[in-house]
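Here is the structure we will look at.
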There are 2 protein chains.
Amino acid sequence: MKIARNTTAKTAVLEIFEKSKTALSHAEIHKLTEDLCDRVTIYRILDRLVNDDVVHKIVNLDGTVKYAKCHHNAQRVHIHNHAHFSCEKCLEVTCLENVKPSYIIPHNYKVNDINFTLSGLCPNCLNSNI
Amino acid sequence: MKIARNTTAKTAVLEIFEKSKTALSHAEIHKLTEDLCDRVTIYRILDRLVNDDVVHKIVNLDGTVKYAKCHHNAQRVHIHNHAHFSCEKCLEVTCLENVKPSYIIPHNYKVNDINFTLSGLCPNCLNSNI
DNA sequence: TATCAAATGCAACATTGTTGCGTTTGATAT
DNA sequence: ATATCAAACGCAACAATGTTGCATTTGATA
Ligand SMILES: [Mn+2]
Ligand SMILES: [Mn+2]
Ligand SMILES: [Zn+2]
Ligand SMILES: [Zn+2]
């Protein structure tokens, strides 16, 4: 098996996730690192973090892909069965850790991953819309 | 307001949707039309069909985007609050019209659209895996 | 400090989706 | 049947996003 290493780029990306209250896109992360590394490296770091269940991927109907830190008690493998909200106005994507969808799926399906994203207006933008 | 027209390309795309049991990607649809029209036209037709709530868009965690016909009683505006299943092996995406997630979201969010996609192994692939 | 694979940089490429603009075409009225 | 006119189209050009191969660098360990 592979032995992971703590590189400066990976550490920087993790710090960025730690500080951010919203989910981040590849481009946003790359910009926030201020050219610390190549954009390909960011892709590869994100791949590894998703594989290690340190961050999770969020895909929205508009095609945007974002990433957010996993706020689970353990670093073990798990399914991210919580909702995400994508605001059509401010374009921010946030984890709604407490909104967990319940559903009944036939037993002959094996579910490995979930993408549950709601889009519309977030509380901020809904408020300023009045 | 715009007055829609029934072009040969749009008719062909609708027939393709009618015949297909699974959701289709832009590339798949374009191939099935056998170069009846430009690929940009397919994009524009899909945009219109989604806008008119004739088909709905499905986005998977692996980044693939697919479209499927809406099987609702009416052609009016509605939210597609049913699950979709994306098989990691055969790569087929199907609508699970009967699997509707229930969830409780704070009242200060306004939800306009939903993307609920489960990925894993479909019944066929799960079966042939034994 | 030597070792060695993990991780990176760079270039090149593929895929997907968008935009502008001149041309074609489908529906409607004449 | 024909004229009309905007909806829809074709084409080219572009942008964004993500992937791959390979030589080089770097982090952890001995
Ligand atoms: Mn989340
Ligand atoms: Mn569906
Ligand atoms: Zn907002
Ligand atoms: Zn399958």
Side-chain angles (χ1 to χ4, degrees), chain A residues 1-17 23-52 54-68 86 88 91 93 113 115 117 119, chain B residues 1-17 23-52 54-68 86 88 91 93 113 115 117 119:
Chain A
M1 68 171 199
K2 271 200 170 192
I3 293 164
R5 290 176 186 176
N6 291 320
T7 64
T8 52
K10 183 182 171 186
T11 306
V13 170
L14 280 176
E15 269 179 33
I16 287 168
F17 274 120
L24 300 166
S25 69
H26 166 272
E28 288 166 340
I29 294 166
H30 187 221
K31 188 163 284 177
L32 284 169
T33 58
E34 287 163 337
D35 276 302
L36 172 75
C37 63
D38 195 76
R39 62 185 202 91
V40 178
T41 301
I42 304 283
Y43 278 117
R44 297 201 256 230
I45 289 172
L46 290 172
D47 280 351
R48 273 179 277 149
L49 292 178
V50 168
N51 254 286
D52 297 347
V54 176
V55 307
H56 59 282
K57 196 174 173 181
I58 307 151
V59 182
N60 194 32
L61 274 175
D62 67 8
T64 53
V65 174
K66 302 232 178 184
Y67 300 85
S86 171
E88 293 164 355
L91 302 181
V93 174
D113 221 337
N115 185 43
T117 308
S119 42
Chain B
M1 64 170 199
K2 271 201 170 191
I3 294 167
R5 291 177 186 175
N6 289 320
T7 65
T8 52
K10 183 182 170 185
T11 307
V13 171
L14 281 176
E15 268 178 35
I16 287 168
F17 274 121
L24 299 167
S25 69
H26 165 272
E28 288 166 340
I29 294 166
H30 187 221
K31 187 163 287 179
L32 285 170
T33 59
E34 287 165 335
D35 276 303
L36 173 76
C37 64
D38 196 78
R39 63 186 201 93
V40 178
T41 301
I42 304 283
Y43 278 117
R44 298 201 257 230
I45 289 173
L46 289 172
D47 280 350
R48 274 179 277 148
L49 293 179
V50 168
N51 254 286
D52 298 346
V54 176
V55 307
H56 59 281
K57 198 175 172 180
I58 307 151
V59 183
N60 193 33
L61 274 175
D62 66 8
T64 53
V65 174
K66 301 231 179 184
Y67 300 85
S86 172
E88 294 164 355
L91 303 180
V93 174
D113 221 336
N115 184 42
T117 308
S119 42

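The sequence lines fix the lettering, A, B, ..., with proteins before strands; numbering per chain opens at 1. A quick note: this is a predicted structure, and the numbers were derived from the prediction, not measured.
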| query | Base, sugar-phosphate, or nothing: which does B/Leu46 touch, judged by heavy atoms less than 4.0 Å apart? | reply |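 Answer is nothing: B/Leu46 stays at 4.0 Å or more from every strand.
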[X] has a side chain; which of [options] sits nearest to it?
X: A/Ala27; options: D/dT17, D/dC9, D/dG18; value: D/dT17
X: B/Ala9; options: C/dT8, D/dC9, D/dT19; value: D/dC9
X: A/Val40; options: C/dA11, C/dG9, D/dG27; value: C/dA11
X: A/Arg5; options: C/dA5, C/dG17, D/dT19; value: C/dA5

Rounding to an integer number of Å, can you tell me how far [X] [atom1] sits from [N] [atom2]?
X: A/His30; N: D/dA16; atom1: NE2; atom2: P; value: 14 Å
X: B/Asn51; N: D/dA8; atom1: CG; atom2: P; value: 11 Å
X: A/Glu28; N: D/dG18; atom1: CD; atom2: P; value: 12 Å
X: A/Ile45; N: D/dT19; atom1: CD1; atom2: P; value: 15 Å
X: A/Arg39; N: D/dT17; atom1: CZ; atom2: P; value: 9 Å
X: B/Leu36; N: D/dA8; atom1: CG; atom2: P; value: 16 Å
X: A/Asp62; N: C/dT18; atom1: CG; atom2: P; value: 10 Å
X: A/Ile42; N: D/dT19; atom1: CD1; atom2: C1'; value: 16 Å

| message | I want to confirm an ordering. Mapping A/Ala4 and B/Lys2 to their closest nucleotides on DNA chain D, which one lands closer to the 5' end? | response |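 Residue closer to the 5' terminus by nearest nucleotide: B/Lys2.
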Interatomic distance, [X] atom [atom1] to [Y] atom [atom2] [nearest 0.5 angstrom]:
X: B/Asn51; Y: B/Leu46; atom1: CG; atom2: CG; value: 11.5 Å
X: A/Thr11; Y: A/Ile16; atom1: OG1; atom2: CD1; value: 11.0 Å
X: B/Leu49; Y: B/Tyr67; atom1: CG; atom2: OH; value: 10.0 Å

| said: Let me spell it out: for each of B/Val65 and A/Lys10, pick the nucleotide of DNA chain C with the closest heavy atom. Which residue's pick is nearer the 5' end? | reply: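 Result: A/Lys10.
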| query | Want to settle it: does B/Lys57 or A/Asn6 sit nearer the 5' end of DNA chain C, counting the closest nucleotide to each? | reply |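 The residue closer to the strand's 5' end, by nearest nucleotide, is A/Asn6.
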| query | For the side-chain contact (heavy atoms from CB on, under 4.5 Å) test, which of B/Glu28, B/His26, B/Lys57 pairs with B/Lys66? | reply |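 It is B/Glu28; the other options fail the test.
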| field | Complementary nucleotide of D/dA30, counting Watson-Crick and G-U pairs under 3.5 Å | value |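 Partner of D/dA30: C/dT1.
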| message | Keeping B/Asp38 on the side-chain end and B/Val40 on the backbone end, is there a donor-acceptor pair under 3.5 Å? | response |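 Side chain of B/Asp38 to backbone of B/Val40, a donor-acceptor pair under 3.5 Å: yes, one is there.
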| query | Under 3.5 Å, side chain of A/Thr117 to main-chain N/O of B/Asn115, donor-acceptor pair present? | reply |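 Absent.
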| query | For B/Thr7 and D/dC9, is the shortest distance between a side-chain N/O and OP1 or OP2 below 4.0 Å? | reply |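 Yes, within the criterion.
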| Phosphate OP1/OP2 of D/dT26 contacted by A/Thr8 side-chain N/O (<4.0 Å) |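 Negative; the distance criterion is not met.
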| said: Is it the case that the base of D/dG18 and the side chain of A/Arg44 share a donor-acceptor contact (distance under 3.5 Å, atom types as modelled)? | reply: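 Answer no: no donor N or O sits under 3.5 Å from an acceptor.
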| request: Kindly say whether, by distance alone, the side chain of A/Arg48 makes a donor-acceptor pair under 3.5 Å with the base of C/dA7? | output: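 Answer no: no donor N or O sits under 3.5 Å from an acceptor.
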